[in-house]
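As the structure lists them, so they are numbered: ligands from 1, and atoms in each ligand from 1. Source: prediction; values computed, not measured. Along the sequence shown, residues are numbered consecutively beginning with 1.
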Amino acid sequence: MKTIDGIDFKGKRAIMRVDFNVPLNREFQITDDSRMRAAIPSIKKILEDGGAVIVMSHLGRPKEGPEDKYSLRHLRDHLSKLLGIDVRFADDCIGDLTHQKALNLKPGEVLLLENLRFYREETKGDEAFAQKLAQLADVYVNDAFGTAHRAHASTTIIAKFFPRNKAFGYLMANELSSIDKVIRDVKRPYTAIIGGAKVSTKIQILENLLDKVDDLIIGGGMMFTFIKARGGSIGGSLVEDDFLEKAGEIIEKAKAKGVKLHIPTDAIIADTFANDVNTREVKADAIPEGWLGLDIGPGSREAFSKVIEQSKTVLWNGPMGVFEMENFAKGTKVVAEALVKATKNGAFTLIGGGDSVAAINQLGLAEQVSYVSTGGGALLEYMEGKVLPGVQAINE
Ligand code: AMP
């Protein structure tokens, strides 16, 4: 893998794509800086080599040009603090003034550029825009795994202007090698746990996983499409009727391939979609009309834990229930705890995708699993076997 370790940055200017898409409150204070902290080791390596770094990112989803609430200016002081130096700022990510600021950088200095998405050319992957960014530096570094599945100007197109001077940052390299472990050197049994709201968004990954895993656990809202496909009664639970056939096919394919498919046998149901309401524990395929399944039940929790704890490789994406509400968080919590146990038993455990990452952080267990990926969409696309444009751009 072409990482920044293979480059001596002495006297060079590196332009680095990072993912500083951090949450800000109304006072523009950063409420979770983990994405910023994650990029610090790569920036420091370049500075310590005697190079200068131009940092570029997007923040939020600005619609038409610059908007103060999405300005990266709000991140400048915090980045200075994290690096222990006075970070410079450019009001625009391209243009003469920015170019001048970049040329004036001395070794050991950092220039933070304004939000890339103030230009529509960024998400369009515009080549002329990418070239203007490229003109700011001698080396291109990509350390933004979360956007690697997008062929944007700063994540992919820019790389062609650095045919020999481009590399992955440490965060990106670490993401790729951790995920490669699950894809390539799989220790068995290999279990995947897929939950979350919808089957439709996860069909591709489910089909792909059937060729790889020994056990496939299904939870979350999507379980009801599977249960209905098997003829069960699901009351008013979340269901995607357009995907009943697809779910049936997955059940059949799992059988044909010898994959053990674990669909919850019981569920916690509620009479309204809210936390403090009447709840009951019932068989997952016998949910009365007027009730909704919002979490997996105790029997499923126990069965799933057993499978997970006996696995040697575990991939988890998507919560088991509506974990944002305390009364329906137990399934997700028990699965998280089973991953921790599996890790202690020597398994490689990987968590990815926004909601399961939020869940493991909320439970304070993120340090006790093997790897928590920063990528949601990027992780799933990579697991599906797709070549990520941002990765290919560095490799080719
Ligand atoms: P996803 O983005 O597809 O991973 O879905 C995550 C969301 O699925 C979370 O916000 C959960 O609250 C939701 N979810 C999980 N289980 C259920 C369920 N049984 N019914 C409705 N929503 C659910």
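Under 4.0 Å is where a charged nitrogen must lie from a carboxylate oxygen, and between K69 and E27 no such pair does. E240 and K246 are not joined by a salt bridge, as no carboxylate oxygen comes within less than 4.0 angstrom of a charged side-chain nitrogen. The pair E48-K45 does not count as a salt bridge, with every side-chain nitrogen at least 4.0 angstrom from each carboxylate oxygen. Ion pairing of R73 with D91 is present here, as a side-chain N (NZ or NE/NH1/NH2) and a carboxylate O approach within less than 4.0 Å. Salt bridge annotation for K341-E337: absent, with no cationic side-chain nitrogen under 4.0 angstrom from a carboxylate oxygen.
The distance criterion of under 3.5 Å between nitrogen or oxygen atoms is met by A197 with respect to ligand 1. Backbone and side-chain nitrogen or oxygen atoms of L238 are examined, and none is located within less than 3.5 angstrom of a nitrogen or oxygen of ligand 1.
Remark: minimum distance from atom 16 (N) of ligand 1 to any protein heavy atom is reached at G221 N, 3.1 Å. At the top of the distance list for atom 15 (C) of ligand 1, counting protein heavy atoms only, stands G321 O, 3.2 Å. D355 OD2, 3.4 Å is the protein heavy atom nearest to atom 2 (O) of ligand 1.
Residue-level proximity to ligand 1 for V322 is carried by backbone and side chain together, each with a heavy atom below 4.0 angstrom. Only the side chain of E324 comes within 4.0 Å of ligand 1, counting heavy atoms alone; its backbone N, CA, C and O stay farther away. By the criterion of a heavy-atom distance under 4.0 Å, the side chain of F224, and not its backbone, is placed next to ligand 1. When non-hydrogen atoms are compared, ligand 1 lies under 4.0 Å from the side chain of K202 (C-beta onward) but not from its backbone.
No option in R17, H152, R150 other than R17 meets the side-chain hydrogen bond (donor to acceptor under 3.5 Å, both in side chains) test with H58.
Close contacts of ligand 1 with G196, meaning ligand atoms under 4.0 Å from a residue heavy atom, involve 1 (P), 3 (O), 4 (O), 5 (O), 6 (C), 8 (O). Within ligand 1, counting atoms from 1 as listed, the ones closer than 4.0 Å to a heavy atom of G293 are 18 (C), 19 (N), 20 (N).
Ring orientation note: the planes of F304 and H262 are nearly perpendicular, at an angle over 60° on the 30°/60° scale.
A donor-acceptor contact shorter than 3.5 Å is absent between the side chain of S233 and the backbone of G235.
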